[in-house]
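To keep things clear, I will list the structure first and then write my remarks on it.
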Amino acid sequence: MRRTAFLDRDGTVNRDVDYCRSPEQLELLPGAADAISRLAAANFQCVIVTNQSGVARGFLTEDGLARIHAALHQQLGGVPIAYLHCPHHPEQVAGDPGYCRVCACRKPAPGLLHQACDLLAPFGVTLEGGVVIGDSARDLLMGQGLPVQKVLVRSGKPIEEQRQLLDAAGCHPDHECNDLAAAVDWLLT
């Protein structure tokens with residue numbers, strides 16, 4: 001059975017910048033491409049799941065986001081089988097192009113995981129035996145109560161704040177490590 005790795009984008013795979021608005025702003029974190037390649041070689045399906053409220057805020061369009069993901073896909077050697085995103089923001093913002101609303105896909109809600117399983121079932125994507133890897137509490141909270149492992153990486157958001165948010169929600173990572181490469185090392189041992 002193939003397992004699925006649900007990977008956060010900003011702060012986990014690439015450097016977190018203030019609303020990545022173009023492919024030129026993409027900067028892979030050290031070891032990220034190799035880590036994703038090792039996951040694929042170990043029979044994991046890799047799916048990127050990311051909140052992108054910059055769309056709701058009018059900072060970029062869906063087409064612009066698709067260009068960013070196409071560039072990221074090339075930098076990752078074509079390994080991830082899908083890039084799923086939440087374009088919404090729960091509060092009204094100036095210039096809303098129609099995306100400001102409460103939704104089921106914005107992390108920490110599990111909607112992106114369920115979307116991935118629904119859309120990618122023919123490719124064997126399932127929650128069973130999967131893993132969620134991310135740099136924020138909301139990434140891991142997305143998998144709370146689901147049959148997935150949760151790995152917190154320290155390569156993005158301030159780690160103490162994320163630990164406090166996880167503790168307050170009663171969510172305990174299966175593992176915590178420095179970055180995606182270390183997370184893959186742990187998964188594959």
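Excluded from the calculations below are hydrogen atoms, water molecules and symmetry mates; all remaining heavy atoms, backbone and side chain alike, are included.
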For a quick check under 3.5 Å, do [X] and [Y] share a side-chain donor-acceptor pair by atom type?
X	Y	answer
D34	S37	no
R106	H88	no
E24	S22	yes
Q149	R3	yes
D10	Q52	yes
Y99	E62	yes
H69	R9	yes

Self-check item: Over 12 non-hydrogen atoms of neighbours within 6.0 angstrom of OH in Y19
Solution: yes
Linking I/L/V/M/F/W/Y whenever any side-chain heavy atoms sit under 4.5 Å apart, do [X] and [Y] land together?
X	Y	answer
L180	L188	yes
L112	F44	no
V151	F6	no
V125	V132	yes
L84	L26	no

Exercise. Show your working on side chain to side chain contact (heavy atoms under 4.5 Å, CB included) between T61 and V55 and close with a plain yes or no.
Key: CA-CA 6 Å; T61 63; V55 175; over 6 Å; no
Quiz item: Are V184 and I36 close enough, and set up right, to give a side chain to side chain contact (heavy atoms under 4.5 Å, CB included), and what steps lead you there?
Solution: CA-CA 8 Å; V184 172; I36 290 172; over 6 Å; no
Any side-chain heavy atom of [X] sitting closer than 4.5 Å to one from [Y]?
X	Y	value
S136	R138	yes
Q45	L120	no
P87	S53	no
I159	Q164	no

Quiz prompt | Step-by-step side chain to side chain contact (heavy atoms under 4.5 Å, CB included) determination, M142 to V49 | solution = CA-CA 10 Å; M142 170 178 61; V49 287; 3.8 Å; yes
Practice problem: For residues H73 and V79, report the shortest heavy-atom separation together with the two atoms involved. | Solution: CE1-N, 4.0 Å
Quiz item: Is K107 salt-bridged to D8, cutoff N-O under 4.0 Å?
Solution: yes
Quiz item: Is R154 salt-bridged to D135, cutoff N-O under 4.0 Å?
Solution: no
Quiz prompt | From I133, L76, V153, L29, residue fulfilling side-chain contact (heavy atoms from CB on, under 4.5 Å) relative to V13 | solution = L76
Practice problem: Could you go through the side chain to side chain contact (heavy atoms under 4.5 Å, CB included) check for C171 and K150 one step at a time? | Solution: CA-CA 9 Å; C171 182; K150 297 175 290 302; 3.6 Å; yes
Quiz item: Is H89 reaching over with its side chain to a backbone N or O of E91, donor-acceptor style, under 3.5 angstrom?
Solution: yes
